[in-house]
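To start, the structure itself, in structure tokens.
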Amino acid sequence: MNNWVRGLMLCLACQLAATVQAQQVATPLLTQLAASMDEVDDANVLRTLARLQQEAEKYTHQCAQCAINWLVLGRINHELARQSGGLAQLRAARAARDALTRAAHLDVYVADGEALAELALLYLETPPWPLSFGDRRKAKQLIQEALVVGPEHVANHLAAARYYVDSGQTETARQHLLIAVNSAPDNEDPLYFLNLRQASTMLARINSKLLDR
């Protein structure tokens with residue numbers, strides 16, 4: 001075996017090792033992200049999110065072709081945008097958009113289409129032009145695509161419900177939430193129980209309003 005072939009094989013082996021390592025990091029980072037959402041101290045939340053953002057970026061550098069890692073980075077940046085204000089919020093929102101878009105381009109099926117659903121929420125929550133890049137029509141398109149990719153995935157139906165609540169279509173939102181809360185448990189998704197709790201809370205609020213009519 002000549003040196004060129006040996007070097008090529010070593011490079012491929014390193015890339016494979018980096019891929020495995022990068023994919024393994026997604027679970028603990030998402031678990032920590034979920035835990036940060038229960039934190040009541042805003043300063044601690046921002047510190048945790050900033051640390052998670054730095055860690056997630058390192059793993060995207062190790063494996064730039066791993067869609068799951070761009071999804072993790074996008075989720076973290078999106079939450080950072082939610083917790084921030086002013087220019088910091090806009091920077092985090094743009095970083096989230098770029099990471100989630102890359103995740104979806106690398107593998108639209110990653111996490112059952114969750115990159116599309118999270119991207120949809122980002123377009124829904126972000127102010128429109130000229131303040132930022134928010135776009136309700138884009139959000140609806142992405143939600144529809146996510147539901148095609150992952151028709152039973154909790155995060156996709158939760159995103160759809162948020163869109164329809166925001167649009168005043170309460171009954172349509174309710175139907176999506178019913179699918180979400182009755183979905184089969186996904187123990188491999190660190191955010192499953194967080195998404196399920198949010199869906200259950202939203203469904204309870206909608207049902208309460210319907211009873212008050």
Item to check | With sequence neighbours excluded, residues passing salt bridge (charged side-chain N to carboxylate O under 4.0 Å, His left out) with R47 | outcome: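 With sequence neighbours excluded, R47 shows a salt bridge (charged side-chain N to carboxylate O under 4.0 Å, His left out) to no residue whatsoever.
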Checklist entry - For the side chain of S132 and the backbone of P128, is there at least one donor-acceptor N/O pair under 3.5 Å apart? => result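 Not confirmed, S132 side chain does not pair with P128 backbone.
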pair [X]-[Y]: side-chain heavy atoms closer than 4.5 Å:
X	Y	value
L33	S36	yes
R162	L121	yes
T48	Q32	no
L30	V72	yes
E145	V148	no
S84	L46	yes

Side-chain donor/acceptor pairs under 3.5 Å, residues 107-117, sequence neighbours excluded:
unit_1, atom_1, unit_2, atom_2, d
D107, OD1, Y109, N, 3.0
E114, OE1, H153, NE2, 2.9
E114, OE2, R75, NH1, 2.6

Next on the checklist: For Y59 versus N69, what's the shortest heavy-atom pair and its separation?
Outcome noted: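 Looking at all heavy atoms of both residues, the closest pair is O-ND2, 4.2 Å.
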Checklist entry - What are the two closest heavy atoms between T126 and L122, and how far apart are they? => result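 Answer, listing the atom of T126 first, then L122: OG1-O, 2.6 Å.
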Item to check | Cluster check L124, V165: I/L/V/M/F/W/Y, side chain < 4.5 angstrom | outcome: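 No, L124 and V165 fall in different hydrophobic clusters.
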Item to check | Hphob cluster co-occupancy, L147 + L119, side-chain heavy atoms under 4.5 angstrom | outcome: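 Unlinked, L147 and L119 end up in two clusters.
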Can you tell me how far [atom2] of [Y] sits from [atom1] of [X], rounded to the nearest 0.5 angstrom?
X	Y	atom1	atom2	result
L196	L191	CG	CG	12.0 Å
L158	I179	CG	CD1	12.5 Å
Q175	L203	CD	CG	9.5 Å
N156	S183	CG	OG	10.5 Å
L177	T170	CG	OG1	10.5 Å
Q62	E57	CD	CD	13.0 Å

Hey, can you pull the donor-acceptor pairs under 3.5 Å for the side chains in residues 85-106, sequence neighbours left out?
unit_1, atom_1, unit_2, atom_2, d
Q89, NE2, A81, O, 3.3
T101, OG1, R97, O, 2.7

Please collect all salt bridge (Lys or Arg N to Asp or Glu O under 4.0 Å) contacts where either partner lies in [range], sequence neighbours excluded, each pair once.
range	result
residues 148-160	none
residues 32-41	D38-R197
residues 125-139	R82-E125, R136-D166

Next on the checklist: For a quick check under 3.5 Å, do Q83 and D42 share a side-chain donor-acceptor pair by atom type?
Outcome noted: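 On atom types as modelled, these side chains do not qualify, holding no pair under 3.5 Å.
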Item to check | Distance-only side-chain donor-acceptor flag, Q169 / R174, under 3.5 Å | outcome: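 No pair is found: no donor N or O on one side chain lies under 3.5 Å from an acceptor on the other.
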Next on the checklist: Taking ring pair (Phe, Tyr, Trp, His ring centres under 6.0 Å) as the definition, give me every residue that meets it alongside Y192, ordered by chain and number, with sequence neighbours left out.
Outcome noted: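 Checked Y192 against ring pair (Phe, Tyr, Trp, His ring centres under 6.0 Å); zero matches.
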Checklist entry - Does Y163 have any ring pair (Phe, Tyr, Trp, His ring centres under 6.0 Å) partners at least two apart in sequence or in another chain, and if so, which? => result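 Scan of Y163 (ring pair (Phe, Tyr, Trp, His ring centres under 6.0 Å), adjacent residues dropped) gives none.
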Item to check | Inter- and intrachain pairs under ring pair (Phe, Tyr, Trp, His ring centres under 6.0 Å), touching residues 128-148, at least two apart | outcome: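 Of all non-adjacent pairs touching residues 128-148, those that pass ring pair (Phe, Tyr, Trp, His ring centres under 6.0 Å) are Y123-F133.
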Checklist entry - Which pairs count as ring pair (Phe, Tyr, Trp, His ring centres under 6.0 Å) when at least one residue sits in residues 61-96, sequence neighbours excluded? => result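 Output for this query is empty, none listed.
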Checklist entry - Picking from T60, L29, L52, what satisfies side-chain contact (heavy atoms from CB on, under 4.5 Å) with L73? => result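 Output: one option passes, namely T60.
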Item to check | Residues that P151 engages under side-chain contact (heavy atoms from CB on, under 4.5 Å), provided they are two or more places apart | outcome: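 In terms of side-chain contact (heavy atoms from CB on, under 4.5 Å), with neighbours along the sequence ignored, P151 is linked to no residue.
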Item to check | Q144: side-chain contact (heavy atoms from CB on, under 4.5 Å) partners, not counting sequence neighbours | outcome: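 Partners of Q144 by the side-chain contact (heavy atoms from CB on, under 4.5 Å) criterion, ordered by chain and then number, come out as K140.
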